[in-house]
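Structure first, commentary second.
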Amino acid sequence: MSENLQEVVAKILKYSEQFVLELKSANTKAQVLDLKAKYVGKDGLVTVIMKGLKSATVEEKREIGKKSNECKDQIEQMSKNALEELEHQEINRTLEENWIDISFRDSIRSKAACTSGYHPVTMIQREVEDIFSSMGFDILDGPYLEDDYHNFEALNIPKDHPARDMQDTFWFKDMTHLLRTHTSTIQVRGMEKYTPPFKFVGPGKVFRCERTDASHEFVFHQIEGMMVDKDISVANLIYFLKILLSEIFKKDVEVRLRPGFFPFVEPGFEMDIKCLICGGKGCAVCKYGGWVELVPCGLVHPNVLKYGKIDTSIYKGFAFGLGLDRLVMMKYAIDDIRLIHAGDLRFISQFASI
Ligand code: PHE
């Protein structure tokens with residue numbers, strides 16, 4: 001070793017004191033880290049001394065090694081404390097700069113409580129439920145996650161039936177479970193629950209794996225209706241649907257019935273209403289045709305009744321699946337279904353006091 005033992009020990013003590021002094025003026029975490037590196041980093045002043053011990057005697061090694069380790073430990077501990085202190089200061093500063101007036105927040109919340117309201121789809125769903133329950137219909141629920149049987153099979157859509165392609169399905173990996181593509185699953189569940197005569201409606205979300213546009217969403221809402229009794233005919237179906245639409249729109253609306261194909265009804269129809277957005281002149285919602293498909297419906301196919309263990313020689317039924325989002329669009333003249341689910345408060349809050 002070129003320097004003698006005493007000189008090296010003095011140097012270590014000097015570094016130790018020097019570090020303490022310099023640390024006092026380190027005001028940021030970066031400065032503390034730089035300082036620490038200057039003394040005990042890879043090529044730091046203390047580290048270099050330790051590296052130089054290779055050529056020292058055993059006694060020198062013991063003495064200098066001890067001192068430099070103490071010095072290193074002290075520097076590391078002091079750096080750690082300084083970093084923690086700076087971290088605290090930073091948190092306190094942030095808290096001070098971004099303080100929240102809790103009483104102010106509460107006042108906003110109570111104001112919101114006064115002006116908040118239901119989502120328009122919830123409102124229309126309840127309205128439709130009320131209209132039907134006043135006519136003696138029960139209200140049923142069903143799960144979103146369904147099996148092949150309730151969504152297809154029991155609705156007269158066997159495997160490999162081309163009608164399965166009518167509804168793009170979100171399948172689970174096992175390919176037997178799915179997110180229900182329509183509330184017609186509730187028809188199947190209703191028949192499992194009741195023996196005829198019965199009538200019920202079943203509202204809820206449905207899911208379709210398809211591209212969105214002004215009149216399509218991949219999550220939307222339907223309300224299914226089903227009535228099974230003796231002597232049910234298309235006249236009963238039209239009667240209930242006309243009552244529903246005139247109650248909802250508070251006026252007589254123009255409707256038309258067209259043939260429609262659904263494997264679970266025979267005959268099947270599409271009930272259209274004259275577009276209330278453009279009055280029939282043509283717009284994006286009615287695809288410039290003046291009419292909007294609102295209620296697919298029909299008389300329940302005998303195969304469906306048979307799956308439901310209903311005696312088709314005695315009973316008949318009608319069923320419909322009303323699109324609730326479309327109904328909202330018609331009622332409030334909204335020309336893009338995507339607005340309904342975007343969660344934009346500027347849109348949603350317009351319904352707050354309705
Ligand atoms: N489930 C059909 C659909 O979502 C609608 C429907 C319901 C048609 C009941 C007829 C009877 O497209």
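Whatever order the structure lists them in is the order used to number ligands and atoms, beginning at 1.
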R208 heavy atoms within 4.0 Å reach ligand 1 at atoms 3 (C), 4 (O), 12 (O)
min-distance protein heavy atom vs atom 2 (C) of ligand 1 -> F264 CZ, 3.7 Å
Item to complete: State plainly whether the residues D311 and K306 are in salt-bridge range, i.e. N to O under 4.0 Å.
Response: no
Under 4.0 Å from one or more heavy atoms of Q222, ligand 1 contributes atoms 3 (C), 4 (O)
request  = Using a strict 4.0 Å threshold on nitrogen-to-oxygen distance, state whether K199 and D229 make a salt bridge.
outcome  = no
of all protein heavy atoms, closest to atom 5 (C) of ligand 1 is P296 CG, 3.6 Å
Atoms of ligand 1 under 4.0 Å from any heavy atom of F320, numbered from 1 in the order shown, are 7 (C), 9 (C), 11 (C)
query = Quick one: do R338 and E217 make a salt bridge, cutoff under 4.0 Å?
reply = no
Item to check | Min N/O separation T181 to ligand 1 under 3.5 Å | outcome: no
Original post:
Between the side chains of Q77 and N81, is a donor N or O closer than 3.5 angstrom to an acceptor N or O?
Top reply: yes
- Query: So is G268 in contact with ligand 1, going by heavy-atom distances below 4.0 Å?
  - Reply: no
Worksheet item: Centres of the Y39 and F19 rings: under 6.0 Å?
Response: yes
Take the angle between the ring planes of F240 and F137 and call it parallel below 30°, perpendicular above 60°, tilted in between. perpendicular
Rounded to the nearest 0.5 Å, the CE atom of M135 sits from the CE atom of M227 at a distance of 10.0 Å
Restricting to heavy atoms, the pick from R180, H301, E224 nearest atom 9 (C) of ligand 1 would be E224
Check: Are any of the N or O atoms of Q187 closer than 3.5 Å to those of ligand 1?
Finding: no
